[in-house]
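Labels below follow one simple rule: chain letters A, B, ... track the order of the sequence lines, proteins then strands, and each chain is numbered from 1. Values in this document were obtained by computation on a predicted structure and should not be read as measured data.
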Amino acid sequence: MTPKSRLHIPQPSARPGDAPDFSYLSLSDAGAVARPDSDTPASQIENLASDLVRVLDDDGIAQGEWVPDLTTDQLLEALRMMLLTRQFDARMQRAQRQGKISFYMQSLGEEAISIAQGMALEPGDMMFPSYRNQGLFIIRGTSLVDLMCQCLSNTRDMCKGRQMPIMYHNKQANLFSVSGNLATQYPHAVGWAMASAIKGEEHIASAWVGDGSTAEADFHYALTFAAVYQAPVILNVVNNQWAISTFQGFAGGERRSFAARGLGLGIPGVRVDGNDLLAVYAVTQWAAQRARQGGGPTLIEHVTYRGGAHSTSDDPSRYRPKNEWDAFPLGDPVMRLKQHLVNTGYWSDEQHAALEEELKTFVNEAWKEAVTYGTMTEGPRLDVRVMFDDVYAEVPPHLERQRQQLLALREQSE
Amino acid sequence: MTPKSRLHIPQPSARPGDAPDFSYLSLSDAGAVARPDSDTPASQIENLASDLVRVLDDDGIAQGEWVPDLTTDQLLEALRMMLLTRQFDARMQRAQRQGKISFYMQSLGEEAISIAQGMALEPGDMMFPSYRNQGLFIIRGTSLVDLMCQCLSNTRDMCKGRQMPIMYHNKQANLFSVSGNLATQYPHAVGWAMASAIKGEEHIASAWVGDGSTAEADFHYALTFAAVYQAPVILNVVNNQWAISTFQGFAGGERRSFAARGLGLGIPGVRVDGNDLLAVYAVTQWAAQRARQGGGPTLIEHVTYRGGAHSTSDDPSRYRPKNEWDAFPLGDPVMRLKQHLVNTGYWSDEQHAALEEELKTFVNEAWKEAVTYGTMTEGPRLDVRVMFDDVYAEVPPHLERQRQQLLALREQSE
Amino acid sequence: MSQMNMIQAVRSALDVMMHKDPTVIILGQDVGYFGGVFRCTDGLQEKYGEHRVIDAPIAEGGIIGSAIGIGVNGLRPVAEIQFADYIYPGLDQIISELARLRYRSGGEFFSPVTVRAPCGGGIRGGQTHSQSPEALFTHLSGVKTVMPSSPYDAKGLLISAIESDDPVIFFEPKRIYNGPFDGDPNKPAVPWSKHPGGEVPEDYYSIPLGKAEVVEEGDDLTIITYGTMVHVAQAAVHKAGISADVIDVRSLVPLDVETLKTSVEKTGRCLITHEASRFGGYGAELVATVQEECFWHLQAPIERVAGWETPYPHAFEWDYFPAQDRIIASIQKIMEAV
Amino acid sequence: MSQMNMIQAVRSALDVMMHKDPTVIILGQDVGYFGGVFRCTDGLQEKYGEHRVIDAPIAEGGIIGSAIGIGVNGLRPVAEIQFADYIYPGLDQIISELARLRYRSGGEFFSPVTVRAPCGGGIRGGQTHSQSPEALFTHLSGVKTVMPSSPYDAKGLLISAIESDDPVIFFEPKRIYNGPFDGDPNKPAVPWSKHPGGEVPEDYYSIPLGKAEVVEEGDDLTIITYGTMVHVAQAAVHKAGISADVIDVRSLVPLDVETLKTSVEKTGRCLITHEASRFGGYGAELVATVQEECFWHLQAPIERVAGWETPYPHAFEWDYFPAQDRIIASIQKIMEAV
Ligand SMILES: Cc1ncc(C[n+]2csc(CCOP(=O)(O)OP(=O)(O)O)c2C)c(N)n1
Ligand SMILES: Cc1ncc(C[n+]2csc(CCOP(=O)(O)OP(=O)(O)O)c2C)c(N)n1
Ligand SMILES: [Mg+2]
Ligand SMILES: [Mg+2]
């Protein structure tokens, strides 16, 4: 073999020890991108897939046509929900470190996406989250205790002990079951939206995947089916720059944005500042309106940054600069909304600190309650009998037999 | 359920009984599309994915910047090869009707694509054909007898009786084994090209799929990997307007061209008149040069029409107008090249008719030879022993045992 | 009562269910305007509209994946995969999602998808149109797997599959779409009108999943099989001139162990046959189950007659197919054992 | 000789082969700069360059599909699938292409791809990081399937897999990456340095595919197993205080029938155990094979001890896992039979 090679290997802009470098990110100024009517044909708004819709400028002032109709109360509630998500994450991260739960994944730095979209969509709209959308569960009112009990696989676990932490669902709140398999929820969302259209209902569907997951087949299937049937669905790509150790270039992000992935099928793409709650809200509302009007799918790329490790099993210091997040030009979504509210006079550092304290206490109270339902190491434990339920709608004879076998064995050993 | 629905169902422009209508096809005039340098960045040539590169105009005159450097001898050879492909198809179609082979698929109307691309690529370039690329086998010198023997599953069958008709390969000629599974060859081509780049070789790969097959996962995988690694590969979509009974709208072709499918990954797309041998040749050369220069993949959409039934199992009169092909605005590739050659004075109707006769005889002679190696119903038959070969590199004991078992059974019954 | 072939019976099941339950919809390649490459959905789009009988892109994973979402939204999708050989791009959605959705969500979400796919050889389909991949599904927890051997069963079982809130993989042996087949390709084709299994009620009826059928009764031997091989096995039994129980498993998962047990305890001898290749095939589970349940009654080793451990070859279709001669040879071996 | 755990042994095999054969390349998610989520490729990219240890997009079908093409072009790809639970999007390329390419092309094309995937439970992975899907592969004609139970075997078998011109699916039981595991999660972890299987030569050596190993010899019973369960079975045998052959199948396909036969003919009793769920699992084939080959020697029904027929549940990992107590209960049942 000759050493000569033209195989292109994507290179991140910085590795451990290097200075962070986000010059590869193309940014628009806040307010710079025009807001077309939501029924504009896809072919006339291809720029939205390359530009970056931003509302909050560097001083936290809302700018331009995309400024959404949100009251101060709504904005304060959004801030509260983002902070709550962050406090929840921090508490659960700690629980994992303490050996109380087996695994955890934070959404640090990406909170604006779930909270804004949760606010922009209607309760009847169905959501198909990824594992980094805990904010959707929170904004849709899932109790923290329920979320914690899922992570604890305890007696109150909604999943009855069957899933690793963070694989939540909330049927009542129209939140689909999170899968451990990447991107599989994408065609589900499209199918759900197709059914909504078949039934003539107004509800739309929305799904989330990460940048890395766009390489999976289900991403392609979903886009194809959404385009063919003009399904009322919002397909979100949360581009947090990293999969596990590979940056978004390994998902094909080096040359075009992820928002552009559907253009070849006639699916409009919108690239939005994912750390700008106002922008995400506005873009989501736009896409939802488009879908409800019969305008079909929209692909939204949220440009953000994974502030923490991929999961509690990961150590990002092995593959990216430690301080990369600090250098991220779109900042921290919590700080940006806070700055906006402080600027507009409705919020202060003191109030913010007080809110943080209040939420910390709230989360700690929830945790205290959750562990009363059991942890991995102590307290009540789920009845092992449920292991054999729900494989089928009714427990078939062979599973009943296996259940009895196990119970007999357990009795014997007691 | 309410009858109300917004589910969009793609509708072909005409059904049996309707007048054919190709107004949905956007066409450029011959010579109208500029030819950029083959190293132009993808972002600057997105128009090529929407325009239609054409060289031969309605009078058969070659026009514009894409006129390739082909001698008259080469053009005459191309015409001969297209005609040979067509005669071969006709003969094999008849063989199927006569019960001599179990199945067949013609490439009627699509001959220019395989012949032009076979001429434009280098012998060391690896081809990953679909089942409708028999022209590639012919232009690369596979003997008709070999092709026929494959279809006959007889004693000279290159596949040793294991494949249905038309699943050829030609290792020496760098033609990969045709698969019955749609689109699976696409990632193979990309992988092959990656290996070429790893080894630092000049060879490129090329793969073909139909419009309908673009919906498969492998299409997406191939595009993603080709874009990420900038693999030296030409990815062809032969858009013959129909899958089996569904038109190209069911593969997402209603809003954008298939050539546009890679734009979101930064893969340049070129939409070409697939019935214009000169245009296909020119575009292929352009893409090959681009790949060899390290410019990575190109997606070529060949706009053509499936002149015949999908296969011998199909009856297209059930789902499309009988005379649709006659109305196809890009005509018949054979007639168009013929017209060009007649116009330039190097060819005549008489010569054409004589060539047809000559090739018919040639094909018939080949068929006569092929059947001496056996048919489904008579003549020599493949030794059943080979059924157990080539499952693994070496026949493992369990397969040897099974072979002996079968042979014992056969002896017994004699 | 009508005479129906298996295609008509499948179509009738779909028709009855679409009429009865407005949430039933069909999705698949060429199933709509065209009526399916095997004509199983012929006329249904005209009758029920384009929004209930839906032509799909050529993307098996997308068909199954979107069907799951459709099912979660309260409809009851029947997905057609054009050939069982092409179900593999949909395997991830079946294995990782469809089969485990109810379980992983603590029983709160489910999707009642039925996946229909023509399977099996004997139609000169070569290695890509002849496969019997049932064993890849029967190992999964959370899906049911069914294969009928007659029009009557096809309709009754398909109706149960569609009505089931569990996902069902429904394999249709295409070699017997038009008539029962005894394994001899040189004999003239027999139509279903000549077979009692071709008598099919036009209206609704269902056959419960999880019940095998003893299609022929005898004392000396138990043959356990399903699909096309039911007919081949019966012909072999007659030709061999022995008295055997021939059991059509029908529902591969859940398996009707009791029926197998009762029979093998009676006969003490057992032969298992299927078209799929032997190693790791569904027959292996049948052997394991029978030997676990009936060990003390067995008077001879359980024999398997199955496809060879090679792909299904085009030219050697009838050498590959586990035909009567191979079954008879095994019957003799079993009966000789003392 | 060195002390290696299974991760180091796998890495050593890759290193040895990359050094020996410049056509060997590695492709997979996070395998390059990072060295793999289980660190099996740590340091290899630095040593052999970015063009031989290649980070891949998150697309298992694309990894296998492109690896096939890479192999056809004369290189020898080793593809890593991050967890066996995520191999399903690649199944179509494995089943329809990789396994059958040589056959369908009359022996002219082939692709010597090795697919590595960590499998099995016991690491709190829940239903999506605990699966043992080997039975989906062992039914295929044209691929070989391997699962080692020690660092020594892992290296020797992986080298054979890479050298093989046949495609090999190579499952690595991740529960024993760092040490043998007897099935009791409450006991302190044992490192490989305390086990003879942790003695691994640093240089090239290979263990032929298709050969089982009798890891423990005895007279009363044969236990057939593989992967993590080899250690659990051995512990159970010791605890039960019986004398048993414990056979590590190692190469699931092709299967070393002779070794099984010799043992069961000697002992007359047989137990089969694996982590995967029982119905239609690889154990079914083992039962079928043993009963076919050794029927007249069997003094008791062959027992299977396997995962329950449910997905692998997070909270009930140790109830699901076929631990010593279940094996011992079955041993007793087998030994009591007369
Ligand atoms: C089908 C599949 N393949 C691989 C994995 C392992 N895995 C889990 S998360 C992850 C990275 C995903 O990156 P991205 O899509 O960008 O999402 P993010 O974690 O950044 O939110 C990988 C490879 C998986 N869960 N599923
Ligand atoms: C994976 C897979 N799914 C379905 C089929 C059945 N099938 C064979 S050809 C065909 C239509 C393909 O249409 P297109 O890609 O446009 O190619 P064309 O036949 O027009 O050249 C279908 C659905 C198949 N062969 N493989
Ligand atoms: Mg990411
Ligand atoms: Mg087509």
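Interface remark: A:Glu216 contributes no atoms to any contact with chain C (heavy atom separation under 4.5 Å). Heavy atoms of C:Leu209 lying under 4.5 Å from chain A are absent altogether. Only the side chain of A:Val228 comes within contact range of chain C, with heavy atoms under 4.5 Å apart. With a 4.5 Å cut-off on non-hydrogen atoms, A:Asp157 does not touch chain C at all. Looking at C:Ile63, both its backbone and its side chain come within 4.5 Å of chain A, counting heavy atoms on both sides. Contacts of C:Asp256 with chain A are absent, with no heavy-atom separation under 4.5 Å from either backbone or side chain. At a 4.5 Å heavy-atom cutoff, C:Ala67 makes no contact with chain A through either its backbone or its side chain. Residue A:Met164: no heavy atom, backbone or side chain, is found under 4.5 Å from chain C. The part of C:Leu101 that comes within reach of chain A is its side chain, from C-beta onward, which places non-hydrogen atoms under 4.5 angstrom from that chain. Both the backbone and the side chain of C:Pro89 come within less than 4.5 Å of a heavy atom of chain A. Using a 4.5 Å cut-off between heavy atoms, A:Met194 touches chain C through its side chain atoms alone.
Although no hydrogens or angles enter the test, the distance criterion places no donor-acceptor pair under 3.5 Å between the side chain of C:Arg104 and the main chain of A:Arg162. The backbone N or O of C:Tyr103 lies less than 3.5 Å from no partner atom in the side chain of A:Asp390, so there is not a single donor-acceptor pair. Here the side chain of A:Lys199 pairs no donor or acceptor atom with the backbone of C:Leu75 at under 3.5 angstrom. Here the side chain of A:Tyr392 pairs a donor or acceptor atom with the backbone of C:Val143 at under 3.5 angstrom.
How far CD of A:Glu394 is from CG of C:Asp165: 9.0 Å, rounded to the nearest 0.5 Å. Here CD1 of C:Ile68 is found 8.5 Å from OG1 of A:Thr184. Values are rounded to the nearest 0.5 Å. Taking OH of A:Tyr221 as the start and CD of C:Glu60 as the end, the distance is 7.0 Å to the nearest 0.5 Å. In this structure, OG on C:Ser66 lies 15.5 Å from OH on A:Tyr186, to the nearest 0.5 angstrom. With rounding to the nearest 0.5 Å, the separation of CG in C:Leu27 from CZ in A:Phe225 is 6.0 Å. C:Asn73 CG to A:Asn174 CG: the interatomic distance, rounded to the nearest 0.5 Å, is 9.0 Å.
The residue among C:Pro77, C:Pro254, C:Ser164, C:Ser105 with the most heavy atom pairs within less than 4.5 Å of chain A is C:Ser105. When the candidates C:Gly107, C:Ser111, C:Gly61 are compared by the number of heavy-atom contacts under 4.5 Å with chain A, C:Gly61 comes out ahead. Between chain C and the options A:Ala393, A:Ala205, A:Gly161, the largest number of non-hydrogen pairs under 4.5 Å is found for A:Ala393. Listed options A:Met126, A:His398, A:His188 were ranked by heavy-atom pairs under 4.5 angstrom with chain C; first place goes to A:His188.
Within a 6.0 Å radius of NZ in C:Lys211, no more than 12 heavy atoms belonging to other residues, nucleotides or ligands are found. In the displayed structure, A:Arg381 atom CZ is contacted under 6.0 Å by at most 12 heavy atoms of other residues, nucleotides or ligands. Heavy atoms of other residues, nucleotides or ligands lying less than 6.0 angstrom from CD of A:Gln293 number more than 12.
Within the 4.5 Å cutoff, no side-chain heavy atoms of C:Ile70 are placed close to those of A:Trp192.
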Show your working on side-chain hydrogen bond (donor to acceptor under 3.5 Å, both in side chains) between C:Glu97 and A:Ser179 and close with a plain yes or no.
CA-CA 8 Å; C:Glu97 298 294 322; A:Ser179 180; 2.6 Å; yes

Go through it in stages, so that I can follow the logic: the residues are A:Gln172 and C:Glu108, the test is side chain to side chain contact (heavy atoms under 4.5 Å, CB included), and I'd like the CA-CA distance, side-chain angles, deciding distance and then a yes or no.
CA-CA 10 Å; A:Gln172 287 63 43; C:Glu108 292 198 67; 3.9 Å; yes

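A donor-acceptor contact closer than 3.5 angstrom links the side chains of C:Gln93 and A:Asp218.
What you find for A:Tyr229 and C:Pro57 is that their closest heavy atoms are OH-CD, 3.5 Å.
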